[in-house]
Amino acid sequence: MELSELYRLMLVARRIDEEAIALQRQGALPGYAPMKGQEAAQVGSAAALDLTRDFAFPNYRDLGAAVAMGVDLVGYLATHLGVWHGGLYDPRASRLAPFNAVVGGPVPHAVGWAMGAKLDDTGGAAITWFGDGASSQGDVHESMNFAGVYRLPVVFFCQNNGWAISVPTGRQVAGGSVAARAAGYGIEGRQVDGNDVMAVHEATREALDRARNGGGPTVIEAMTYRIGPHSTSDDPGRYRTLEEEQAWAEKDPIARAARELPAETVAEAEEHAARVVREVRDGLLALEQRPGEELFSFVYREPTKALLDQQRAWKESLDA
């Protein structure tokens, strides 16, 4: 994929991210986890997927992946409204699972999917994104070990953004490198500049090719930075310095890519991003309240007696 196309996607992610923060401040979204500064890591990796056979498992800060995969952004952002189970987009068609708010939660899901792909011989690979903080979760270690033992087609993509909420990486990742842990599981590990979208894209493409061809899992650690807060209820000024933030702002992945592109390409990308933002904002604000009975839908494949009793009681309360 060309840099101009990746830049276009990164800019859409940046502008949608900014709009989502504004919508939260205006009360339209209850909460949001900003991803400013991590566009290259997310877009570069997601753009390497083959959407005819691969599947992706995101966490709550992976808007850039949704953008790169062409997911309906109104449906995706509707997840933040808490109005439906996993948003209003189609995960199966888009190949992007509903994002997971559990720290490290999507990682075992990706491994399970990869096991299924191997057993079914589909030729597809899974990718899952998580942060440096999540890399310390037991679920992540168990998933990597399981994937290593069974040589599963999965890419573990760690976005090391420097902070596990308010704890710096150096205080919660022993050894200082998530990629180095791969050796302990007998799988490939690679650290990459997470603010270089082309480097991320190439590293992920190679890892996915290896996974699909039977070469087993890969851990990619993209070194990047969360420019904004951990969430819209966070104040990063309480745990990191302005000097640190300014130093990383100079490494902004979007500004970095823009310097390598013609001015007219950058201007056209801005116009395109502005149009997308308007469409997404209008679409999100136009969403009507979902029917209350959906609270009982899609909870179980076969509804339990307790769930049916709750649904019946709910309906009776409306008629009372």
Side-chain angles (χ1 to χ4, degrees), residues 13 16-35 51 55-67 69-110 112-113 116 126 128-130 134 137 139 165 229-234 275-320:
I16 293 290
D17 185 69
E18 294 169 343
E19 185 63 29
I21 295 172
L23 288 169
Q24 192 279 328
R25 300 307 189 209
Q26 295 163 19
L29 292 179
Y32 180 71
M35 47 77 71
L51 299 184
F55 213 97
F57 295 81
N59 66 28
Y60 49 80
R61 198 188 308 281
D62 291 325
L63 169 66
V67 170
M69 295 176 68
V71 176
D72 169 37
L73 295 177
V74 173
Y76 173 86
L77 286 172
T79 310
H80 293 281
L81 296 172
V83 295
W84 213 65
H85 307 286
L88 297 175
Y89 70 97
D90 185 344
R92 180 173 293 182
S94 68
R95 313 298 288 178
L96 182 74
F99 70 69
N100 200 317
V102 177
V103 176
V107 180
H109 295 172
W113 187 94
T128 181
W129 294 279
F130 54 97
Q137 294 288 330
D139 285 357
I165 306 183
H230 174 77
S231 70
T232 45
S233 61
D234 176 41
R275 289 195 298 272
V276 174
V277 167
R278 287 194 297 271
E279 292 170 1
V280 172
R281 178 185 174 84
D282 292 346
L284 196 63
L285 294 178
L287 288 177
E288 297 180 356
Q289 186 171 356
R290 302 299 299 180
E293 57 265 28
E294 287 188 350
L295 288 170
F296 306 95
S297 304
F298 314 112
V299 179
Y300 298 103
R301 181 174 180 177
E302 297 180 3
T304 63
K305 180 179 181 302
L307 185 68
L308 293 174
D309 288 344
Q310 291 173 7
Q311 184 178 30
R312 183 164 49 253
W314 175 79
K315 289 182 178 179
E316 290 174 353
S317 71
L318 294 180
D319 296 333

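All values reported here derive from a predicted model rather than from experimental measurement.
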Could you give the distance from [atom1] ([X]) to [atom2] ([Y]), rounded to the nearest 0.5 Å?
| X | Y | atom1 | atom2 | value |
| --- | --- | --- | --- | --- |
| D17 | M35 | CG | CE | 5.5 Å |
| I16 | L77 | CD1 | CG | 6.5 Å |
| Q310 | K305 | CD | NZ | 10.5 Å |
| Y89 | M69 | OH | CE | 8.5 Å |
| R281 | L284 | CZ | CG | 9.0 Å |
| T232 | L29 | OG1 | CG | 8.5 Å |

*Have a look at F99 and tell me which of W129, F57, Y32, Y76 forms a ring-ring contact (aromatic ring centres under 6.0 Å, His included) with it.*
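The ring-ring contact (aromatic ring centres under 6.0 Å, His included) with F99 is passed solely by Y76 among W129, F57, Y32, Y76.
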Are side-chain heavy atoms of [X] and [Y] found at a separation under 4.5 Å?
| X | Y | value |
| --- | --- | --- |
| E293 | W314 | yes |
| P58 | L96 | yes |
| L307 | Q311 | no |
| V103 | D139 | no |
| T304 | V299 | no |
| T128 | H109 | no |
| R278 | R275 | yes |

*Testing L81, L287, D72, T79 for side chain to side chain contact (heavy atoms under 4.5 Å, CB included) with L88, which one passes?*
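One option only clears the test, and that one is L287.
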*asked:* Between D62 (side chain only) and N59 (backbone N and O only), is there a donor and an acceptor less than 3.5 Å apart?
replied: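 At least one qualifying donor-acceptor pair exists.
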*Under 3.5 Å, side chain of R290 to main-chain N/O of L295, donor-acceptor pair present?*
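Not at all, since once roles are kept as given, no pair shorter than 3.5 Å links the two residues.
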*CD (Q26) with more than 12 external heavy atoms under 6.0 Å*: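 For Q26, atom CD is crowded (more than 12 foreign heavy atoms under 6.0 Å).
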